[in-house]
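Note sheet for the following structure.
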Amino acid sequence: MASGIARSLGVQYGSNFLNGWLVPRCCRVISARGSAGTYRRPGVPRDNTPPWKKIHFSFSKGLQGVKKHFGLLKQEVVDRFVGPEGKPLETHMLEQTRVLWEFRSPENLDQWVVSSDQEIGGKSEAYLKLGRNSQTCLLYGTLCSVPPKDGETRYSGYCTLRSKQPLMSFDRKKHHDWSSFNSLYLRIRGDGRPWMINIGVETFFSHQRDTIYNYFLFTRGGPYWQDVKIPFSKFFLSSRGRIQDDQHPIWLDKINTLGFTLGDKADGPFQLEIDYIAVCNDRAHTEEFAYETYKRNPEV
């Protein structure tokens with residue numbers, strides 16, 4: 001697939017353990033339809049529209065933006081005096097669990113992006129909506145692994161859900177800080193399909209922009225809810241879909257996104273219902289990292 005897809009990834013997978021690339025994009029019901037991201041399909045002419053013709057000026061929206069960003073800046077300054085992340089230091093140090101995402105209103109769905117292989121000409125469909133009684137979110141759709149007949153794309157058949165990059169005032173990046181916790185905790189209800197959980201972290205070099213941490217999520221199916229706890233030490237590093245030889249633990253204070261990917265090559269309908277997503281500090285788990293790491297500058 002084109003490298004432009006990789007640059008816009010928050011969730012991704014490749015031919016080693018799941019085939020394809022994901023370009024998240026969001027609509028309201030939230031659908032994967034009609035979004036192309038930065039990927040340009042083979043044979044489609046390049047958009048040569050000058051940048052200045054794409055700018056739309058609006059005085060009222062400009063005032064709203066100024067008010068919004070200065071309000072966020074004010075809140076950031078106030079939170080600095082209160083404590084880490086706007087919480088008192090004592091509360092921050094004693095915190096054992098933290099619910100990150102709940103799904104109780106349409107505004108909660110706006111924090112997520114849905115994507116499928118339609119961006120590369122595939123036929124898979126994915127949608128996100130509130131579940132029954134507006135207490136959960138339901139990711140559903142149809143998976144189709146037939147690749148588009150464009151002469152270039154070899155793999156297809158994926159759907160994904162990814163959280164949006166949190167932003168501070170003036171659209172500066174904001175990172176999730178999970179350094180006080182050691183496990184990811186989910187309450188889900190699936191249909192028996194295997195999923196991939198993806199954690200995107202901040203990188204400092206251009207060649208690391210496609211790196212992401214992955215681990216597997218196996219749903220049981222059936223009518224009963226499933227509580228899943230995954231230690232962060234189990235997540236392995238991959239880049240452009242390839243598991244890396246040089247593994248190292250997640251930087252838990254530089255988390256950008258969390259995502260779910262389906263690409264098990266089993267064509268047909270799917271669904272995944274999520275009650276909440278949280279992090280916790282499991283005192284019984286003492287493992288730092290589950291995989292072999294290489295010692296840099298080894299002693300002779």
Side-chain angles (χ1 to χ4, degrees), residues 10-11 24 26 28-31 84-87 91-92 94-115 126-141 159-167 174-201 212-235 250 252-253 255-262 270-285:
V11 182
C26 181
R28 254 190 88 102
V29 140
I30 303 180
S31 164
E85 300 183 1
K87 301 177 182 179
T91 302
H92 183 78
L94 297 177
E95 190 176 27
Q96 298 297 309
T97 60
R98 180 188 302 172
V99 176
L100 304 172
W101 289 281
E102 289 182 303
F103 304 93
R104 306 293 184 260
S105 67
E107 288 73 21
N108 298 139
L109 299 185
D110 290 338
Q111 302 175 19
W112 294 83
V113 177
V114 179
S115 176
Y127 306 93
L128 182 67
K129 68 176 183 179
L130 287 175
R132 185 175 298 178
N133 300 325
S134 299
Q135 295 297 308
T136 61
C137 83
L138 181 63
L139 175 65
Y140 66 99
C159 295
T160 182
L161 175 68
R162 176 185 64 87
S163 64
K164 291 183 179 179
Q165 168 73 55
L167 299 174
K174 180 181 180 181
H175 309 295
H176 298 288
D177 185 359
W178 301 345
S179 56
S180 300
F181 310 96
N182 61 10
S183 299
L184 182 68
Y185 195 91
L186 311 167
R187 189 167 189 261
I188 60 170
R189 182 162 58 181
D191 55 3
R193 287 178 178 262
W195 291 74
M196 182 77 78
I197 300 181
N198 311 282
I199 296 180
V201 298
I212 201 167
Y213 285 88
N214 312 92
Y215 198 69
F216 302 101
L217 172 66
F218 298 99
T219 60
R220 290 197 295 256
Y224 300 107
W225 286 96
Q226 179 180 352
D227 293 321
V228 180
K229 182 168 64 175
I230 305 175
F232 291 123
S233 62
K234 301 294 185 182
F235 282 83
I250 304 178
L252 291 175
D253 60 339
I255 304 296
N256 286 337
T257 59
L258 176 73
F260 302 86
T261 295
L262 175 66
F270 68 87
Q271 69 175 31
L272 178 67
E273 191 171 4
I274 305 174
D275 186 2
Y276 61 82
I277 302 172
V279 288
C280 66
N281 186 11
D282 184 2
R283 297 295 180 89
H285 182 78

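The figures that follow rest on heavy atoms only: side chains count, while hydrogens, waters and symmetry mates do not.
Once rounded to the nearest 0.5 Å, the distance linking CG of Asn281 with CG of Asn182 reads 5.0 Å. Between Phe103 atom CZ and Asp275 atom CG the span is 9.0 Å, to the nearest 0.5 Å. For the atom pair CH2 of Trp195 and SG of Cys159, the computed distance is 7.0 Å after rounding to the nearest 0.5 Å. Between the CG atom of Leu161 and the CG atom of Asn198 there is a distance of 10.5 Å, given to the nearest 0.5 Å. Taking CH2 from Trp112 and OG1 from Thr257, the interatomic distance works out to 9.0 Å, rounded to the nearest 0.5 Å. Considering CG of Asp282 and NZ of Lys229, their distance stands at 3.5 Å, rounded to 0.5 Å.
Taking all atoms of both residues into account, the shortest heavy-atom contact from Leu128 to Cys137 is CD1-SG, 3.9 Å. Residues Tyr127 and Val114 share a closest heavy-atom pair of N-CG1, 4.2 Å. Minimum interatomic distance between Leu272 and Thr219 (heavy atoms only, all atoms of both residues): CD1-CG2, 4.1 Å. Counting all heavy atoms, side chain and backbone alike, Ser163 lies closest to Trp101 at CB-CZ2, 3.7 Å. Taking every heavy atom of both residues into account, Asp191 and Phe270 meet most closely at OD2-CA, 3.1 Å. A pairwise comparison of heavy atoms in His176 and Pro166 identifies NE2-CG, 3.7 Å as the closest pair.
Inter-residue side-chain proximity for Phe181 and Leu252 is flagged as unmet; no heavy-atom pair is nearer than 4.5 Å. Residues Ile274 and Leu139 are not in side-chain contact: their nearest non-hydrogen atoms beyond the backbone lie 4.5 Å or more apart. Using a 4.5 Å heavy-atom threshold, the side chains of Phe260 and Ile197 count as touching. Counting heavy atoms from C-beta on, the side chains of Ser115 and Arg162 never come closer than 4.5 Å. Here the side chains of Val201 and Phe235 are not in contact, with every heavy-atom distance at 4.5 Å or above. The shortest distance between side-chain heavy atoms of Phe216 and Met196 falls below 4.5 Å. Tyr215 places none of its side-chain heavy atoms less than 4.5 Å from the side chain of Leu184. Using a 4.5 Å heavy-atom cutoff, the side chains of Arg98 and Lys87 are in contact.
Judged purely by atom type and a 3.5 angstrom limit, Thr97 has no side-chain atom pairing as donor or acceptor with the backbone of Cys280. Here the side chain of Lys164 pairs a donor or acceptor atom with the backbone of Asp110 at under 3.5 angstrom. In terms of modelled atom types and a separation under 3.5 Å, the side chain of Arg220 and the main chain of Gly190 share no donor-acceptor contact.
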Criterion side-chain contact (heavy atoms from CB on, under 4.5 Å) on Ile250 and Ile255, from CA distance to verdict: CA-CA 9 Å; Ile250 304 178; Ile255 304 296; 3.6 Å; yes

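Remark: Ser233 pairs with Pro231, His285, Glu287 by the side chain to side chain contact (heavy atoms under 4.5 Å, CB included) rule, at least two apart or across chains. Considering only residues two or more places apart in sequence or on other chains, Lys174 meets the salt bridge (Lys or Arg N to Asp or Glu O under 4.0 Å) condition with none of them. With sequence neighbours excluded, the residues satisfying side chain to side chain contact (heavy atoms under 4.5 Å, CB included) with Val228 are Leu186, Ile188, Leu217, Gln226, Ile230. Qualifying salt bridge (Lys or Arg N to Asp or Glu O under 4.0 Å) partners for Glu102, counting only residues two or more places apart in sequence or in other chains: Arg104. Checked against side chain to side chain contact (heavy atoms under 4.5 Å, CB included), Asp227 has the following partners two or more places apart in sequence or in another chain: Tyr185, Arg187. Residues satisfying the side chain to side chain contact (heavy atoms under 4.5 Å, CB included) test with Leu138, not counting sequence neighbours, are Lys129, Tyr140, Gln271, Glu273.
A donor-acceptor contact closer than 3.5 angstrom links the side chains of Asn256 and His175.
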